[in-house]
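Letters go in sequence order (proteins before strands), and every chain restarts at 1.
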Protein chains: 2
Amino acid sequence: MAVTDEAIEKIKGMIVSGALRPGDRLPKESELAADLGLSRNSLREAVRALSLIRILDVRQGDGTYVTSLDPQLLLEALSFVVDFHRDDTVLEFLAVRRILEPAATAMAAVRISEQQLDALTAQLDKLGEAPSVEDLVACDLEFHRGIVHSSGNSVLCSLLDGLSGPTTRARIWRGLTQEDAVARTLREHRAILAALRDRDAEAARSWATVHIASVEQWLRSTL
Amino acid sequence: MAVTDEAIEKIKGMIVSGALRPGDRLPKESELAADLGLSRNSLREAVRALSLIRILDVRQGDGTYVTSLDPQLLLEALSFVVDFHRDDTVLEFLAVRRILEPAATAMAAVRISEQQLDALTAQLDKLGEAPSVEDLVACDLEFHRGIVHSSGNSVLCSLLDGLSGPTTRARIWRGLTQEDAVARTLREHRAILAALRDRDAEAARSWATVHIASVEQWLRSTL
DNA sequence: ATGACCTGATACGTCGGAGGTCTTGAACGC
DNA sequence: GCGTTCAAGACCTCCGACGTATCAGGTCAT
(Lines give C-alpha, C1' and ligand atoms only; values in the text may rest on other atoms or scores of the structure.)
Protein backbone atom coordinates (compact mmCIF):
# COMPACT_ATOMS: atom_id res chain seq x y z
CA MET A 1 0.00 0.00 0.00
CA ALA A 2 1.25 3.45 -0.83
CA VAL A 3 2.49 5.65 1.99
CA THR A 4 -0.21 8.19 1.18
CA ASP A 5 -2.92 5.58 1.57
CA GLU A 6 -1.39 4.52 4.85
CA ALA A 7 -1.46 8.12 5.98
CA ILE A 8 -5.15 8.39 5.06
CA GLU A 9 -5.90 5.28 7.07
CA LYS A 10 -3.86 6.47 10.03
CA ILE A 11 -5.52 9.87 10.12
CA LYS A 12 -8.91 8.21 9.78
CA GLY A 13 -7.93 5.91 12.62
CA MET A 14 -6.95 8.80 14.83
CA ILE A 15 -10.35 10.37 14.29
CA VAL A 16 -12.44 7.22 14.62
CA SER A 17 -10.55 6.17 17.74
CA GLY A 18 -11.15 9.54 19.31
CA ALA A 19 -7.51 10.59 19.47
CA LEU A 20 -8.58 13.46 17.24
CA ARG A 21 -11.97 14.96 17.99
CA PRO A 22 -14.14 17.26 15.89
CA GLY A 23 -12.63 20.73 15.88
CA ASP A 24 -9.22 19.53 16.94
CA ARG A 25 -6.21 20.91 15.23
CA LEU A 26 -3.72 18.60 13.58
CA PRO A 27 0.01 18.98 14.07
CA LYS A 28 1.57 21.12 11.39
CA GLU A 29 2.34 19.42 8.11
CA SER A 30 6.03 18.97 8.74
CA GLU A 31 5.51 17.47 12.18
CA LEU A 32 2.66 15.20 11.16
CA ALA A 33 4.67 14.04 8.18
CA ALA A 34 7.57 13.17 10.46
CA ASP A 35 5.26 11.38 12.90
CA LEU A 36 3.66 9.28 10.20
CA GLY A 37 6.98 8.64 8.52
CA LEU A 38 6.50 10.18 5.10
CA SER A 39 7.33 13.32 3.21
CA ARG A 40 5.36 16.52 3.40
CA ASN A 41 4.33 16.19 -0.24
CA SER A 42 2.83 12.74 0.25
CA LEU A 43 1.12 13.79 3.45
CA ARG A 44 -0.43 16.73 1.66
CA GLU A 45 -2.02 14.32 -0.81
CA ALA A 46 -3.64 12.47 2.07
CA VAL A 47 -4.84 15.67 3.71
CA ARG A 48 -6.19 16.99 0.44
CA ALA A 49 -8.16 13.82 -0.15
CA LEU A 50 -9.69 13.91 3.33
CA SER A 51 -10.38 17.57 2.82
CA LEU A 52 -12.40 16.91 -0.34
CA ILE A 53 -14.81 14.71 1.57
CA ARG A 54 -15.05 17.24 4.39
CA ILE A 55 -13.24 15.22 7.03
CA LEU A 56 -10.52 17.83 7.39
CA ASP A 57 -10.68 21.58 7.03
CA VAL A 58 -7.47 23.18 5.86
CA ARG A 59 -7.01 26.90 6.46
CA GLN A 60 -4.03 28.51 4.87
CA GLY A 61 -1.95 30.49 7.30
CA ASP A 62 -3.75 28.94 10.24
CA GLY A 63 -3.71 25.16 10.40
CA THR A 64 -5.57 21.97 9.60
CA TYR A 65 -8.59 21.01 11.68
CA VAL A 66 -10.98 18.11 11.99
CA THR A 67 -14.42 19.24 10.83
CA SER A 68 -17.53 18.92 12.94
CA LEU A 69 -18.18 15.57 11.22
CA ASP A 70 -21.86 16.43 11.15
CA PRO A 71 -23.90 14.10 8.94
CA GLN A 72 -24.94 17.17 7.01
CA LEU A 73 -21.36 18.07 6.24
CA LEU A 74 -20.17 14.60 5.43
CA LEU A 75 -23.09 13.71 3.22
CA GLU A 76 -22.55 16.95 1.39
CA ALA A 77 -19.72 15.11 -0.28
CA LEU A 78 -22.41 12.81 -1.64
CA SER A 79 -23.67 15.46 -3.99
CA PHE A 80 -20.18 15.81 -5.42
CA VAL A 81 -20.17 12.12 -6.20
CA VAL A 82 -23.70 12.17 -7.53
CA ASP A 83 -22.75 14.85 -10.03
CA PHE A 84 -20.80 12.26 -11.94
CA HIS A 85 -23.75 10.08 -12.73
CA ARG A 86 -25.10 10.25 -16.19
CA ASP A 87 -28.71 10.80 -17.08
CA ASP A 88 -29.44 7.12 -17.50
CA THR A 89 -29.22 6.61 -13.75
CA VAL A 90 -31.37 9.61 -12.88
CA LEU A 91 -34.38 7.34 -12.80
CA GLU A 92 -32.81 5.22 -10.11
CA PHE A 93 -32.01 8.26 -8.03
CA LEU A 94 -35.55 9.47 -8.50
CA ALA A 95 -36.89 6.10 -7.39
CA VAL A 96 -34.90 6.32 -4.18
CA ARG A 97 -36.11 9.83 -3.65
CA ARG A 98 -39.68 8.65 -4.14
CA ILE A 99 -39.15 6.31 -1.24
CA LEU A 100 -37.47 8.78 1.10
CA GLU A 101 -39.30 12.00 0.44
CA PRO A 102 -42.82 10.80 1.30
CA ALA A 103 -41.51 9.20 4.47
CA ALA A 104 -39.73 12.39 5.44
CA THR A 105 -42.84 14.44 4.67
CA ALA A 106 -44.95 12.17 6.85
CA MET A 107 -42.44 12.50 9.67
CA ALA A 108 -42.54 16.25 9.30
CA ALA A 109 -46.34 16.30 9.57
CA VAL A 110 -46.18 15.44 13.25
CA ARG A 111 -43.18 17.58 14.10
CA ILE A 112 -43.25 20.74 12.02
CA SER A 113 -43.73 23.99 13.93
CA GLU A 114 -46.37 26.61 13.21
CA GLN A 115 -43.58 29.03 12.47
CA GLN A 116 -42.14 26.79 9.81
CA LEU A 117 -45.57 26.24 8.31
CA ASP A 118 -45.98 29.98 8.02
CA ALA A 119 -42.56 30.29 6.42
CA LEU A 120 -43.44 27.65 3.83
CA THR A 121 -46.72 29.39 3.12
CA ALA A 122 -44.98 32.71 2.66
CA GLN A 123 -42.51 31.07 0.35
CA LEU A 124 -45.23 29.71 -1.90
CA ASP A 125 -47.11 33.01 -1.83
CA LYS A 126 -44.03 34.93 -2.84
CA LEU A 127 -43.57 32.80 -5.91
CA GLY A 128 -46.90 33.93 -7.40
CA GLU A 129 -49.04 32.20 -9.97
CA ALA A 130 -46.83 32.17 -13.02
CA PRO A 131 -43.19 31.96 -11.99
CA SER A 132 -40.30 31.31 -14.34
CA VAL A 133 -39.19 27.72 -14.59
CA GLU A 134 -35.87 28.44 -12.92
CA ASP A 135 -37.56 30.19 -10.01
CA LEU A 136 -40.02 27.38 -9.63
CA VAL A 137 -37.38 24.69 -9.50
CA ALA A 138 -35.31 26.69 -7.04
CA CYS A 139 -38.39 27.19 -4.89
CA ASP A 140 -39.21 23.52 -5.23
CA LEU A 141 -35.82 22.60 -3.82
CA GLU A 142 -36.22 25.02 -0.93
CA PHE A 143 -39.76 23.90 -0.21
CA HIS A 144 -38.84 20.27 0.08
CA ARG A 145 -35.66 21.06 1.95
CA GLY A 146 -37.67 22.97 4.52
CA ILE A 147 -40.10 20.11 4.99
CA VAL A 148 -37.44 17.44 5.20
CA HIS A 149 -35.56 19.54 7.70
CA SER A 150 -38.61 19.36 9.90
CA SER A 151 -38.46 15.58 9.84
CA GLY A 152 -35.87 15.91 12.57
CA ASN A 153 -33.48 13.42 10.98
CA SER A 154 -30.35 15.15 9.76
CA VAL A 155 -29.06 12.08 7.96
CA LEU A 156 -32.30 11.82 6.01
CA CYS A 157 -32.15 15.52 5.33
CA SER A 158 -28.62 15.45 3.96
CA LEU A 159 -29.28 12.36 1.93
CA LEU A 160 -32.26 13.90 0.21
CA ASP A 161 -30.31 17.07 -0.37
CA GLY A 162 -27.67 15.05 -2.15
CA LEU A 163 -30.20 13.12 -4.19
CA SER A 164 -32.21 16.15 -5.23
CA GLY A 165 -29.34 17.77 -7.05
CA PRO A 166 -29.12 15.52 -10.08
CA THR A 167 -32.86 15.49 -10.60
CA THR A 168 -32.93 19.27 -10.73
CA ARG A 169 -31.74 19.45 -14.28
CA ALA A 170 -34.38 16.98 -15.30
CA ARG A 171 -37.08 19.05 -13.67
CA ILE A 172 -35.98 22.22 -15.39
CA TRP A 173 -36.08 20.38 -18.66
CA ARG A 174 -39.56 19.16 -17.84
CA GLY A 175 -40.76 22.62 -16.97
CA LEU A 176 -39.58 23.83 -20.33
CA THR A 177 -41.20 21.09 -22.35
CA GLN A 178 -44.35 20.12 -20.50
CA GLU A 179 -47.04 22.76 -20.55
CA ASP A 180 -48.99 22.09 -17.39
CA ALA A 181 -46.00 21.08 -15.28
CA VAL A 182 -45.69 24.47 -13.61
CA ALA A 183 -49.33 24.74 -12.58
CA ARG A 184 -49.36 21.14 -11.46
CA THR A 185 -46.31 21.60 -9.29
CA LEU A 186 -47.85 24.65 -7.64
CA ARG A 187 -51.07 22.79 -6.91
CA GLU A 188 -49.24 19.84 -5.43
CA HIS A 189 -47.11 22.04 -3.22
CA ARG A 190 -50.26 23.64 -1.82
CA ALA A 191 -51.74 20.22 -1.19
CA ILE A 192 -48.67 19.01 0.67
CA LEU A 193 -48.65 22.14 2.77
CA ALA A 194 -52.35 21.77 3.59
CA ALA A 195 -51.78 18.20 4.72
CA LEU A 196 -48.94 19.34 6.95
CA ARG A 197 -51.17 21.99 8.51
CA ASP A 198 -53.76 19.32 9.19
CA ARG A 199 -51.03 17.21 10.82
CA ASP A 200 -52.24 14.48 8.52
CA ALA A 201 -49.16 12.32 8.01
CA GLU A 202 -50.80 9.89 5.60
CA ALA A 203 -52.19 12.64 3.41
CA ALA A 204 -48.80 14.35 3.40
CA ARG A 205 -47.11 11.10 2.44
CA SER A 206 -49.54 10.47 -0.37
CA TRP A 207 -49.24 13.94 -1.83
CA ALA A 208 -45.47 13.77 -1.68
CA THR A 209 -45.57 10.44 -3.46
CA VAL A 210 -47.84 11.78 -6.15
CA HIS A 211 -45.66 14.83 -6.51
CA ILE A 212 -42.49 12.88 -7.17
CA ALA A 213 -44.18 10.15 -9.13
CA SER A 214 -45.41 12.70 -11.62
CA VAL A 215 -41.85 13.75 -12.36
CA GLU A 216 -40.78 10.14 -12.54
CA GLN A 217 -43.59 9.17 -14.86
CA TRP A 218 -42.89 12.01 -17.21
CA LEU A 219 -39.19 11.25 -17.26
CA ARG A 220 -39.78 7.57 -17.89
CA SER A 221 -42.06 8.31 -20.82
CA THR A 222 -39.56 10.72 -22.29
CA LEU A 223 -36.35 8.71 -22.16
CA MET B 1 -9.41 29.16 -5.06
CA ALA B 2 -6.34 26.98 -4.83
CA VAL B 3 -4.86 25.58 -8.02
CA THR B 4 -5.49 22.06 -6.77
CA ASP B 5 -9.17 22.78 -6.28
CA GLU B 6 -9.30 24.26 -9.74
CA ALA B 7 -7.71 21.11 -11.08
CA ILE B 8 -10.30 18.98 -9.30
CA GLU B 9 -13.08 21.05 -10.82
CA LYS B 10 -11.53 20.90 -14.27
CA ILE B 11 -11.07 17.15 -14.19
CA LYS B 12 -14.60 16.79 -12.90
CA GLY B 13 -15.76 19.02 -15.71
CA MET B 14 -13.96 16.94 -18.30
CA ILE B 15 -15.74 13.84 -17.03
CA VAL B 16 -19.19 15.37 -16.62
CA SER B 17 -19.00 17.02 -20.02
CA GLY B 18 -18.09 13.74 -21.63
CA ALA B 19 -14.61 14.77 -22.76
CA LEU B 20 -13.41 11.95 -20.56
CA ARG B 21 -15.52 8.82 -20.53
CA PRO B 22 -15.54 5.89 -18.13
CA GLY B 23 -12.48 3.77 -18.74
CA ASP B 24 -10.61 6.52 -20.55
CA ARG B 25 -7.00 7.10 -19.76
CA LEU B 26 -5.85 10.51 -18.62
CA PRO B 27 -2.77 12.18 -20.06
CA LYS B 28 0.29 11.41 -18.02
CA GLU B 29 0.80 13.50 -14.92
CA SER B 30 3.40 15.81 -16.39
CA GLU B 31 1.34 16.55 -19.50
CA LEU B 32 -1.94 17.00 -17.65
CA ALA B 33 -0.20 19.27 -15.18
CA ALA B 34 1.12 21.38 -18.03
CA ASP B 35 -2.31 21.45 -19.70
CA LEU B 36 -4.04 22.58 -16.54
CA GLY B 37 -1.30 25.02 -15.70
CA LEU B 38 0.00 23.70 -12.39
CA SER B 39 2.81 21.62 -11.04
CA ARG B 40 2.88 17.89 -10.98
CA ASN B 41 2.76 17.85 -7.18
CA SER B 42 -0.37 19.94 -7.01
CA LEU B 43 -2.01 17.92 -9.74
CA ARG B 44 -1.20 14.75 -7.85
CA GLU B 45 -3.14 16.09 -4.87
CA ALA B 46 -6.17 16.57 -7.09
CA VAL B 47 -5.85 13.12 -8.61
CA ARG B 48 -5.40 11.53 -5.20
CA ALA B 49 -8.54 13.21 -3.90
CA LEU B 50 -10.60 12.02 -6.89
CA SER B 51 -9.07 8.61 -6.49
CA LEU B 52 -10.24 8.36 -2.88
CA ILE B 53 -13.85 8.76 -3.96
CA ARG B 54 -13.40 6.30 -6.83
CA ILE B 55 -13.68 8.76 -9.65
CA LEU B 56 -10.19 7.96 -10.88
CA ASP B 57 -8.21 4.76 -10.77
CA VAL B 58 -4.46 5.24 -10.56
CA ARG B 59 -2.19 2.36 -11.57
CA GLN B 60 1.48 2.75 -10.93
CA GLY B 61 3.61 2.03 -13.97
CA ASP B 62 0.56 2.11 -16.21
CA GLY B 63 -1.51 5.28 -16.07
CA THR B 64 -4.53 6.99 -14.56
CA TYR B 65 -7.99 6.01 -15.74
CA VAL B 66 -11.56 7.14 -15.22
CA THR B 67 -13.44 4.46 -13.32
CA SER B 68 -16.67 2.91 -14.54
CA LEU B 69 -18.53 5.55 -12.48
CA ASP B 70 -21.07 2.88 -11.56
CA PRO B 71 -23.42 3.98 -8.78
CA GLN B 72 -22.18 0.97 -6.86
CA LEU B 73 -18.60 2.11 -7.07
CA LEU B 74 -19.24 5.75 -6.32
CA LEU B 75 -21.55 5.16 -3.42
CA GLU B 76 -18.95 2.80 -2.02
CA ALA B 77 -17.16 5.94 -0.99
CA LEU B 78 -20.20 6.65 1.14
CA SER B 79 -19.25 3.92 3.57
CA PHE B 80 -15.87 5.54 4.03
CA VAL B 81 -17.58 8.74 5.04
CA VAL B 82 -20.11 6.97 7.20
CA ASP B 83 -17.33 5.34 9.19
CA PHE B 84 -16.61 8.69 10.75
CA HIS B 85 -19.96 9.10 12.38
CA ARG B 86 -20.13 8.56 16.06
CA ASP B 87 -22.59 6.28 17.78
CA ASP B 88 -25.00 9.07 18.60
CA THR B 89 -26.05 9.34 14.98
CA VAL B 90 -26.50 5.61 14.48
CA LEU B 91 -30.17 6.00 15.30
CA GLU B 92 -30.63 8.42 12.46
CA PHE B 93 -28.93 6.07 10.05
CA LEU B 94 -31.09 3.26 11.29
CA ALA B 95 -34.21 5.37 10.79
CA VAL B 96 -33.26 5.97 7.16
CA ARG B 97 -32.58 2.31 6.71
CA ARG B 98 -35.98 1.53 8.15
CA ILE B 99 -37.47 3.58 5.37
CA LEU B 100 -35.42 2.19 2.52
CA GLU B 101 -35.08 -1.46 3.39
CA PRO B 102 -38.79 -2.33 3.52
CA ALA B 103 -39.34 -0.51 0.26
CA ALA B 104 -36.47 -2.39 -1.35
CA THR B 105 -37.76 -5.69 0.02
CA ALA B 106 -41.21 -5.00 -1.40
CA MET B 107 -39.70 -4.19 -4.78
CA ALA B 108 -37.73 -7.42 -4.64
CA ALA B 109 -40.88 -9.45 -3.97
CA VAL B 110 -42.11 -8.89 -7.50
CA ARG B 111 -38.76 -9.22 -9.23
CA ILE B 112 -36.66 -11.80 -7.42
CA SER B 113 -35.81 -14.96 -9.36
CA GLU B 114 -36.43 -18.52 -8.19
CA GLN B 115 -32.72 -19.09 -8.32
CA GLN B 116 -32.07 -16.17 -6.01
CA LEU B 117 -34.76 -17.41 -3.63
CA ASP B 118 -33.07 -20.80 -3.49
CA ALA B 119 -29.73 -19.15 -2.80
CA LEU B 120 -31.18 -17.18 0.09
CA THR B 121 -32.80 -20.32 1.48
CA ALA B 122 -29.53 -22.20 1.27
CA GLN B 123 -27.79 -19.35 3.00
CA LEU B 124 -30.18 -19.45 5.94
CA ASP B 125 -30.02 -23.23 6.12
CA LYS B 126 -26.26 -23.22 6.20
CA LEU B 127 -26.23 -20.93 9.20
CA GLY B 128 -28.00 -23.48 11.40
CA GLU B 129 -30.04 -22.95 14.51
CA ALA B 130 -27.48 -21.54 16.92
CA PRO B 131 -24.86 -19.55 15.03
CA SER B 132 -22.26 -17.33 16.63
CA VAL B 133 -23.15 -13.68 16.84
CA GLU B 134 -20.47 -12.70 14.35
CA ASP B 135 -21.66 -15.30 11.85
CA LEU B 136 -25.23 -14.19 12.28
CA VAL B 137 -24.49 -10.54 11.66
CA ALA B 138 -22.35 -11.38 8.65
CA CYS B 139 -25.16 -13.55 7.30
CA ASP B 140 -27.65 -10.82 8.06
CA LEU B 141 -25.70 -8.39 5.92
CA GLU B 142 -25.48 -10.90 3.07
CA PHE B 143 -29.13 -11.80 3.32
CA HIS B 144 -30.32 -8.25 3.06
CA ARG B 145 -27.77 -7.43 0.41
CA GLY B 146 -29.08 -10.30 -1.68
CA ILE B 147 -32.66 -9.13 -1.35
CA VAL B 148 -31.92 -5.50 -2.05
CA HIS B 149 -29.91 -6.50 -5.08
CA SER B 150 -33.05 -8.10 -6.43
CA SER B 151 -34.87 -4.79 -6.15
CA GLY B 152 -33.27 -3.90 -9.45
CA ASN B 153 -32.20 -0.43 -8.34
CA SER B 154 -28.43 -0.23 -8.07
CA VAL B 155 -28.51 3.20 -6.43
CA LEU B 156 -30.80 1.90 -3.73
CA CYS B 157 -28.62 -1.15 -3.36
CA SER B 158 -25.40 0.82 -2.91
CA LEU B 159 -27.04 3.28 -0.57
CA LEU B 160 -28.26 0.56 1.74
CA ASP B 161 -24.87 -1.09 1.59
CA GLY B 162 -23.30 2.09 2.78
CA LEU B 163 -25.86 2.62 5.52
CA SER B 164 -25.71 -0.93 6.82
CA GLY B 165 -22.07 -0.70 7.76
CA PRO B 166 -22.31 1.58 10.77
CA THR B 167 -25.26 -0.28 12.23
CA THR B 168 -23.33 -3.53 12.13
CA ARG B 169 -21.39 -2.80 15.27
CA ALA B 170 -24.59 -1.97 17.07
CA ARG B 171 -26.15 -5.25 16.03
CA ILE B 172 -23.18 -7.25 17.23
CA TRP B 173 -23.41 -5.50 20.53
CA ARG B 174 -27.09 -6.34 20.69
CA GLY B 175 -26.50 -9.97 19.91
CA LEU B 176 -24.09 -10.16 22.78
CA THR B 177 -26.34 -8.51 25.30
CA GLN B 178 -29.89 -9.42 24.35
CA GLU B 179 -30.71 -13.06 24.90
CA ASP B 180 -33.42 -13.75 22.35
CA ALA B 181 -32.02 -11.49 19.64
CA VAL B 182 -30.41 -14.34 17.73
CA ALA B 183 -33.49 -16.54 17.63
CA ARG B 184 -35.68 -13.58 16.79
CA THR B 185 -33.47 -12.54 13.90
CA LEU B 186 -33.53 -16.06 12.49
CA ARG B 187 -37.33 -16.20 12.70
CA GLU B 188 -37.73 -12.85 11.01
CA HIS B 189 -35.38 -13.80 8.19
CA ARG B 190 -37.47 -16.89 7.51
CA ALA B 191 -40.61 -14.79 7.51
CA ILE B 192 -39.19 -12.32 5.03
CA LEU B 193 -38.07 -15.12 2.78
CA ALA B 194 -41.47 -16.76 2.95
CA ALA B 195 -43.15 -13.52 1.95
CA LEU B 196 -40.78 -13.18 -1.00
CA ARG B 197 -41.60 -16.74 -2.12
CA ASP B 198 -45.27 -15.84 -1.97
CA ARG B 199 -44.55 -12.77 -4.08
CA ASP B 200 -46.37 -10.87 -1.36
CA ALA B 201 -44.87 -7.40 -1.49
CA GLU B 202 -46.86 -6.01 1.40
CA ALA B 203 -46.02 -8.89 3.70
CA ALA B 204 -42.37 -8.60 2.75
CA ARG B 205 -42.44 -4.89 3.46
CA SER B 206 -44.05 -5.41 6.83
CA TRP B 207 -41.65 -8.11 7.94
CA ALA B 208 -38.69 -6.02 6.87
CA THR B 209 -40.05 -3.09 8.83
CA VAL B 210 -40.56 -5.22 11.91
CA HIS B 211 -37.10 -6.66 11.51
CA ILE B 212 -35.35 -3.31 11.50
CA ALA B 213 -37.68 -1.70 13.99
CA SER B 214 -36.75 -4.34 16.54
CA VAL B 215 -33.11 -3.33 16.32
CA GLU B 216 -34.07 0.32 16.46
CA GLN B 217 -36.31 -0.14 19.45
CA TRP B 218 -33.68 -2.00 21.39
CA LEU B 219 -31.02 0.55 20.55
CA ARG B 220 -33.26 3.44 21.54
CA SER B 221 -34.03 1.87 24.89
CA THR B 222 -30.37 1.22 25.53
CA LEU B 223 -28.83 4.58 24.73
C1' DA C 1 7.50 -21.53 -34.67
C1' DT C 2 6.63 -21.09 -29.87
C1' DG C 3 7.34 -20.12 -25.37
C1' DA C 4 9.82 -18.13 -21.42
C1' DC C 5 12.85 -14.63 -20.12
C1' DC C 6 15.11 -10.24 -20.20
C1' DT C 7 15.37 -5.38 -20.91
C1' DG C 8 14.22 -0.79 -21.97
C1' DA C 9 10.73 2.74 -22.08
C1' DT C 10 7.04 4.67 -19.70
C1' DA C 11 4.32 6.39 -15.90
C1' DC C 12 3.26 6.69 -11.26
C1' DG C 13 5.47 7.05 -6.23
C1' DT C 14 8.35 9.47 -3.02
C1' DC C 15 11.37 12.73 -1.44
C1' DG C 16 13.85 17.21 0.08
C1' DG C 17 14.23 21.90 -0.44
C1' DA C 18 13.12 26.66 -1.81
C1' DG C 19 10.16 30.56 -2.05
C1' DG C 20 5.41 32.49 -1.87
C1' DT C 21 1.00 33.73 0.35
C1' DC C 22 -2.26 34.04 3.96
C1' DT C 23 -3.71 34.31 8.94
C1' DT C 24 -2.94 35.54 13.39
C1' DG C 25 -1.60 38.00 17.25
C1' DA C 26 1.46 40.92 19.54
C1' DA C 27 3.96 45.21 19.55
C1' DC C 28 3.62 49.93 18.49
C1' DG C 29 1.99 54.64 17.89
C1' DC C 30 -1.89 57.70 18.11
C1' DG D 1 -8.43 52.47 24.27
C1' DC D 2 -8.06 51.68 19.44
C1' DG D 3 -6.34 51.12 14.99
C1' DT D 4 -2.07 50.07 12.45
C1' DT D 5 2.05 47.68 11.50
C1' DC D 6 4.90 43.88 11.43
C1' DA D 7 6.86 39.45 12.17
C1' DA D 8 6.17 34.64 13.14
C1' DG D 9 3.80 30.55 11.94
C1' DA D 10 1.39 27.51 8.76
C1' DC D 11 -0.20 26.22 4.53
C1' DC D 12 0.57 26.76 -0.94
C1' DT D 13 3.20 25.98 -4.98
C1' DC D 14 6.82 24.63 -7.52
C1' DC D 15 11.14 22.23 -9.07
C1' DG D 16 14.19 18.49 -9.87
C1' DA D 17 15.74 14.03 -8.76
C1' DC D 18 15.38 9.29 -7.92
C1' DG D 19 12.67 4.92 -6.75
C1' DT D 20 9.37 1.45 -8.31
C1' DA D 21 5.87 -0.93 -10.94
C1' DT D 22 3.96 -2.09 -15.50
C1' DC D 23 4.04 -3.18 -20.22
C1' DA D 24 5.83 -4.07 -24.77
C1' DG D 25 9.15 -5.79 -27.65
C1' DG D 26 13.21 -8.32 -28.49
C1' DT D 27 16.17 -12.31 -27.42
C1' DC D 28 17.13 -16.92 -26.79
C1' DA D 29 16.37 -21.74 -25.81
C1' DT D 30 13.32 -25.39 -26.91
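Atom P of nucleotide dC12(D) and atom CG of Asn41(A) are separated by 12 Å, given to the nearest angstrom. Distance, Asp5(B) CG to dT13(D) C1': 13 Å, rounded to whole Å. Residue Leu38(B) contributes atom CG, which lies 19 Å from atom P of dG20(C) at whole-angstrom precision. The interatomic distance linking Arg44(B) (CZ) with dC15(D) (C1') rounds to 15 Å, in whole Å. Distance, Glu45(B) CD to dT13(D) C1': 9 Å, rounded to whole Å. As a whole-Å value, the separation of Ile8(A) CD1 from dT14(C) P is 11 Å. We find that CE of Met1(A) is positioned 14 Å from P of dG13(C), with the value rounded to whole Å. With rounding to whole Å, Leu56(A) atom CG is found 16 Å from dC12(D) atom C1'.
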Determine, step by step, whether Ser79(A) and Asp161(A) satisfy the side-chain contact (heavy atoms from CB on, under 4.5 Å) criterion, reporting the C-alpha distance in whole Å, the side-chain angles of both residues, the deciding distance to 0.1 Å, and the verdict. CA-CA 8 Å; Ser79(A) 72; Asp161(A) 252 16; over 6 Å; no

Step-by-step side-chain contact (heavy atoms from CB on, under 4.5 Å) determination, His211(B) to His144(B): CA-CA 11 Å; His211(B) 183 52; His144(B) 288 291; 3.1 Å; yes

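A sub-4.0 Å separation between OP1 or OP2 of dG13(C) and a side-chain N or O of Thr4(A) is absent. When the side-chain nitrogen and oxygen atoms of Arg25(B) are compared with OP1 and OP2 of dC12(C), none of them lie within a distance under 4.0 Å.
A salt bridge links Arg48(A) with Asp5(B): the distance from a Lys NZ or Arg NE/NH1/NH2 to an Asp or Glu carboxylate oxygen falls below 4.0 Å.
The residue Ser30(B) sits apart from the nucleic acid: no heavy atom pair falls under 4.0 Å.
Summarising the local packing, NE2 of His189(B) is surrounded by more than 12 heavy atoms from other residues, nucleotides or ligands at distances under 6.0 Å.
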List the atom pairs, with distances to 0.1 Å, where a side-chain N or O of residues 115-128 of chain B and a protein N or O form a donor-acceptor pair under 3.5 Å, not counting sequence neighbours.
unit_1	atom_1	unit_2	atom_2	d
Asp118(B)	OD1	Arg197(B)	NH2	3.0
Thr121(B)	OG1	Leu117(B)	O	2.9
Thr121(B)	OG1	Arg197(B)	NH2	3.1
Gln123(B)	NE2	Cys139(B)	O	3.3
Asp125(B)	OD1	Arg190(B)	NH1	3.2
Asp125(B)	OD1	Arg190(B)	NH2	2.8

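Comparing Arg40(A) and Arg40(B) by the nucleotide of DNA chain C that holds the closest heavy atom to each, the one mapping nearer the 5' end is Arg40(B).
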Which atoms of nucleotides 21-25 of chain C (N or O only) lie under 3.5 Å from a protein N or O atom, and what are those distances?
unit_1	atom_1	unit_2	atom_2	d
dT21(C)	O2	Gln60(A)	OE1	3.0
dC22(C)	O4'	Gln60(A)	OE1	3.2

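Between the side chains of Glu92(A) and Ser154(B), at least one donor N or O sits under 3.5 Å from an acceptor N or O. Checked by atom type, the side-chain pair Asp135(B)/Ser132(B) shows a donor-acceptor distance below 3.5 Å.
For Ser39(B), the side-chain atoms get nearest to dT13(D) when compared with the rest of dT13(D), dT14(C), dA10(D). The side chain of Ser42(A) lies closest to dT14(C), out of dT14(C), dT13(D), dC12(C).
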